[in-house]
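Nothing fancy with the numbering, it's 1 onward along the sequence. What you see below is based on every heavy atom in this structure, not just the backbone, and it leaves out hydrogens, waters and symmetry mates. In listed order, ligands and their atoms are each counted from 1.
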Amino acid sequence: MEKDQYRPETNAVRIQTEKTWQMEHSTPLFLTSSFTYDNAEEMRATFADETDNNIYSRFSNPNVDEFVRKVCALEGAEAGYATSSGMSAIFASFMALLKTGDHLLSASSIFGSTHTVITKYLPKWGIEHSYFDINNPAGIEALIKPNTKMIFVETPSNPGLEIIDLDLLAGIANKHNIILNVDNCFASPVLQRPVAHGVHIVTHSATKWMDGQGRVLGGVVVGRADLIKEIYAFCRSTGPAMSPFNAWVLSKSMETLHIRMARHSESALALAKALEGNPLLEWVKYPMLESHPQHAIAKKQMSGGGGIVCFELKGGLQSGTRFLDALKMLTLTANLGDSRSIASHPASTTHAKLTDTERVQVGITPGMIRISVGLENVQDILDDILQALEKSK
Ligand SMILES: *Cc1c(COP(=O)(O)O)cnc(C)c1O
C-alpha cells in the first residue's frame, strides 16, 4: 500500500504499514525477531524472493520499512535501508560500495567518527583516501585518481556549517563516473533534497533532527536502487539493522519533522541575527545570514538554514569553557537536533585531542561554540546565551 502520492508533509504523516485485523489507527510495534509461514511452500517461495513476506528482522521489519518509506518519499529516493545508528549507515555505504585498491575522496570537515573510519579503518582493507577543502571546490577535480570510486561530503558540515554546491559536485562525480555520497543530517530532507541535485546516495543520522527529542539512535541510507541493493546485501549479512522499537519511535517523529524544522530554522535565524555584531563575539555563522561565506549556495539548495548556529568567542579556548559553565538553561550534552537547546564547545571536548592546526583544517577554532537551537521560546534561549557571554569574558 504505497501512499507516497501526496506532498512531502502529507507523506511523512500518511505513509503507514498496512492495517492489521485489529483496525488500529496508529502503527503497532512489531517487536518480533522473525516471521512465520503457513506451510513449507510459502516458506520456500519467500526464501527464494518470490514473495514480499518478511523473514527475519535483521533483513526487514514492518516498523523499519515504514520509516524507510517515509525517508525515501521525503528525499525523493528510489530505495533505502535503515541502520542502528548514523555511523553504521555511513560505514555500510563505504564497505558495500568500495573494495581494496579503491580511492575515496572526502571533504575534510566531516563528523569526527566518519573521519576516524576513513583515516584509521578503511586503510586496513586497502581503501585509500584524500581530503579536500570544502571551501575550495575548484581544487576537487585535481584530486580525482583513476581508482577514485566515491566522493563523500557533509553539507552543511558538522560543526563548522560549511556548505558546498551539490549541483557542482554532482557534475564532477558524473563526469568521472564516481558515486556521490552526501551526509544530509544537518539539513534533513525537509530543508535539502540532495537526490534532486543529482546525488546518488544520501546518508543520515536519524538520531538527530529525525528523532528530534534525543531518545533513540538510528541511521538511514537512501538513493539509487542498484547502489542500495548492494548496501542491503551487505547489511543483511553483517547485521547493523535498526531496532523495530527505534523505527517505531522514528516513524512517529517523522510526522512532526516538517513543523519542527520550520520552527528550529525560524528560531535559529532569529538567534543568529540577534547575536551578530555582539562585541563579545568574533563572528556568528548561520547559512541564512548574508555574512555566511556560502550564503548564495545555501539559498539555492536549502529551503531553510536548519537549527545549528555557531559563533566564535573573542577570548578563545578559556572563554569557551567559562561560557559553558555559565549557562543556566541550555544543556551540555554530546547530542544535537533536540527539542531542548544544546551548547557545545568542540575545541575542549569532541576535538580536544587535535592540534590547533588540525582543528582549523576541520573547520574548528578555539573559541567556537555550537548551539543546537531547540523548540523553547527563542527569547529564553537568547537570554541564557547573553548572560553566559557576559560571564565568559
Ligand atoms: C551524529 C552524526 C553522525 C553519526 O550519527 P550517529 O547516529 O551518532 O551514529 C554522522 N554525521 C553527522 C553529520 C552527525 O551529526
Where ligand 1 meets [X] - atom numbers and elements under 4.0 angstrom, heavy-atom basis:
X      : result
Ile90  : 10 (C)
Thr207 : 6 (P), 7 (O)
Glu154 : 13 (C)
Cys185 : 13 (C), 14 (C), 15 (O)

### Task
Record the part of Thr203 in heavy-atom contact with ligand 1 below 4.0 Å; permitted values are side chain, backbone, both and neither.
neither

What protein heavy atom lies closest to [atom]? Include the residue and the distance to one decimal.
atom                    : value
atom 1 (C) of ligand 1  : Lys208 NZ, 1.4 Å
atom 4 (C) of ligand 1  : Phe111 CE2, 3.4 Å
atom 13 (C) of ligand 1 : Asp183 OD2, 3.4 Å
atom 8 (O) of ligand 1  : Ser205 OG, 4.1 Å

Short N/O distance, under 3.5 Å, between [X] and ligand 1?
X      : answer
Met87  : yes
Thr114 : no
Gly86  : yes

### Query
Does atom NZ of Lys229 have more than 12 heavy-atom neighbours, drawn from other residues, nucleotides or ligands, at distances under 6.0 Å?
no

### Query
Does Gly218 reach ligand 1, in the sense of a heavy atom lying below 4.0 Å from it?
yes

### Query
Does Ile110 have a non-hydrogen atom less than 4.0 Å from ligand 1?
no

### Query
Under the 3.5 angstrom rule, does the side chain of Thr119 hit a backbone N or O of His115 as a donor-acceptor pair?
yes

### Query
If we ignore angles and hydrogens, is there a donor and acceptor under 3.5 Å between the side chains of Asn181 and Ser93?
yes

#### Entry: Modelled atom types, side-chain donor and acceptor of Glu376 and Ser341, under 3.5 Å
yes

### Task
Please say whether the positively charged group of Lys208, taken as NZ for Lys or CZ for Arg, lies over the ring of Phe111, i.e. under 6.0 angstrom from the six-membered ring centre and within 45 degrees of the axis.
yes

### Query
When clusters are formed by joining ILVMFWY residues with side-chain heavy atoms under 4.5 Å apart, either directly or through shared neighbours, do Met210 and Met302 land in the same one?
no

#### Entry: Closest non-hydrogen atom pair between Pro244 and Leu29, with its separation
O-CD1, 3.7 Å

### Phe245 and Trp248 aromatic ring geometry - parallel, tilted or perpendicular at 30°/60° bounds
parallel

#### Entry: Verdict with reasoning, Tyr121 to Phe94, per ring pair (Phe, Tyr, Trp, His ring centres under 6.0 Å)
CA-CA 11 Å; Tyr121 294 104; Phe94 293 161; over 10 Å; no

